[in-house]
Amino acid sequence: MDLKSVKEFIREDVADWDDELIATARFKAFSGQRSDWEPKFQFWKDLIVKISRHFGLFIISPSQVKNEWFSRGGLTPLCIGHVLFIMCNEGEIIRNSDLADPFSGRISQLFWKVKGLLNRSTMTAESILLEDHVVVTTLLKEKADEVVKGLSESHWTSNCIVTRKKFESMCGGPEESYAVLSYFSGCGKGQYLSTKKKELIEGIKVSLSSAAVSSVSSLDFDTLHLIWTQEKLQQQLDVIDRRWEMSRQSALTSLKSGNKKLALRQAREMKLATVNREKCTSLLNRVEEVLSVIANAESTKKVTEAIQIGARAIKENKISVEEVQLCLEELDESIDSQKQVEKALESAPYLDVEDEDIEEEFGKLELEVGSENLKDLIPEAGLSGTAGSNESLADALSNLKLVDAPTKGSAIQNSGIPAKNKESKSLILEAA
């Protein structure tokens, strides 16, 4: 966070910030009864929360707040320590040391809370300024709601499991995720879980509804392992794509410089990357399919429970069968209307590219480059290309892109490139 930006925000929010007389009164220490300095306390408290919210912070440093945020020509507010002390006593900020350890059990968390209450009794306005960081409670709750909202957009079940790494990225970092998970654990909305496979896999189970998170089951550990595997495979795909692009750029550079042997080697690396990508994609699809089956099973369970509750409600409220039948008929009509809309959308015309069109375009590309220039890529041909052919090949390669081949061995057929006798010299490239 840029200190200059903080200063500019303060001047925009507080119009009389640079007024010397008003600033002198604000910077004085509190004295007398609380009613005497209550307006000044509210001013500083609100300003601290505003700055933190504007810059997306919910963990702040007391010393930074006093000595950097509110410094005016080397002068700092004498009352900031008192302001933070009152905010801590009233639960508006929490010291990091008072946060319950979310990675421990329930009993340890209760013990941690008791210890925090005892430590708070010995806290003073001077000691709070020595704390490394404190958590703004209001903004912590807002961040927790933001995390739940983000998870709800990609999960439609009442509970979801994410890896610890993803949870940290959603919260903004390890320290922020620790505070959010501590809050979740305290209100029963989240729970830490871990499993040991070849390496330690850590995750968080979060409730996306108003109900408390359900207890961790053996299925949750298996689901965590699958989600962790899914993320690993996706990371591997990203690495393969980057390597493919680097090989492509190197091949283009080699062609422009006339180094055809190096260009061929880079093309072989592109082919190897394509094969690896197919294997990785196949594994990723299988993992996602299993996760989808688990989610559907949970949904089926929820529907069964809802039917049972509905049947019990009908019996308890003495609703007639005719009334239920009427509701079902209205529901069927709504479903039929929705299906008609979907059918109309599916029948809308859209552009479809046939394989013949791709082959025709690639045929034009072959004519443009020239069949003899394509043979120049093979060292055994013994032919030397001109500078013009290299430029044509470079232009052709620049229009190529990596695609997911639907089945193994079909990439060459779809691309329209004649297969060579030696597999190591074939390119799995497709016209962009």
Novice: Taking side chain to side chain donor-acceptor pair (under 3.5 Å) as the definition, give me every residue that meets it alongside Lys205, ordered by chain and number, with sequence neighbours left out.
Specialist: Ser214, Asp220
Novice: Taking only residues two or more places apart in sequence, or in another chain, which ones meet Phe221 in a ring-ring contact (aromatic ring centres under 6.0 Å, His included)?
Specialist: none
Novice: Would you say the side-chain atoms of Gln235 and Glu231 include a donor-acceptor pair closer than 3.5 Å?
Specialist: no
Novice: Verify the distance criterion only: is there a donor paired with an acceptor across the side chains of Ser182 and Ser185 at less than 3.5 Å?
Specialist: no
Novice: Can Glu92 and Thr138 be counted as having a side-chain donor-acceptor contact under 3.5 angstrom?
Specialist: no
Novice: Tell me every residue that passes salt bridge (charged side-chain N to carboxylate O under 4.0 Å, His left out) with Glu289, counting only those two or more places apart in sequence or in another chain.
Specialist: none
Novice: Please enumerate all residues that pass ring-ring contact (aromatic ring centres under 6.0 Å, His included) together with His155, with sequence neighbours excluded.
Specialist: none
Novice: Passes salt bridge (charged side-chain N to carboxylate O under 4.0 Å, His left out), Glu20 versus Arg72? Steps please.
Specialist: CA-CA 10 Å; Glu20 291 296 334; Arg72 292 183 70 256; 3.3 Å; yes
Novice: Of all residues at least two apart in sequence or in a different chain, which pass the side chain to side chain donor-acceptor pair (under 3.5 Å) check with Arg26?
Specialist: Asp16
Novice: According to salt bridge (charged side-chain N to carboxylate O under 4.0 Å, His left out), who are the partners of Asp18, at least two apart in sequence or on a separate chain?
Specialist: Arg11
Novice: Pick one: which of Phe85, Phe27, Phe30 meets ring pair (Phe, Tyr, Trp, His ring centres under 6.0 Å) with Trp44?
Specialist: Phe27
Novice: Who pairs with Asp46 by salt bridge (charged side-chain N to carboxylate O under 4.0 Å, His left out), at least two apart in sequence or on another chain?
Specialist: none
Novice: Taking salt bridge (Lys or Arg N to Asp or Glu O under 4.0 Å) as the cut-off, I'd like each qualifying pair that reaches into residues 143-155, sequence neighbours left out, listed once.
Specialist: Lys143-Glu146
Novice: Using side-chain heavy atoms (C-beta onward) and a distance below 4.5 Å, is Val206 in contact with Asn159?
Specialist: no
Novice: Can you name the residues that form a side chain to side chain donor-acceptor pair (under 3.5 Å) with Glu142, not counting sequence neighbours?
Specialist: Arg53
Novice: Does anything in residues 27-44 form a salt bridge (Lys or Arg N to Asp or Glu O under 4.0 Å)? List the pairs, not counting sequence neighbours.
Specialist: Arg34-Glu38, Arg34-Glu90
Novice: Under 3.5 Å, is there a donor on one side chain and an acceptor on the other for Glu175 and Asn96?
Specialist: yes
Novice: What residues, two or more places apart in sequence or in another chain, satisfy ring-ring contact (aromatic ring centres under 6.0 Å, His included) together with His133?
Specialist: none
Novice: Suppose we screen for salt bridge (charged side-chain N to carboxylate O under 4.0 Å, His left out). Which residues come up paired with Glu68, at least two apart in sequence or across chains?
Specialist: none
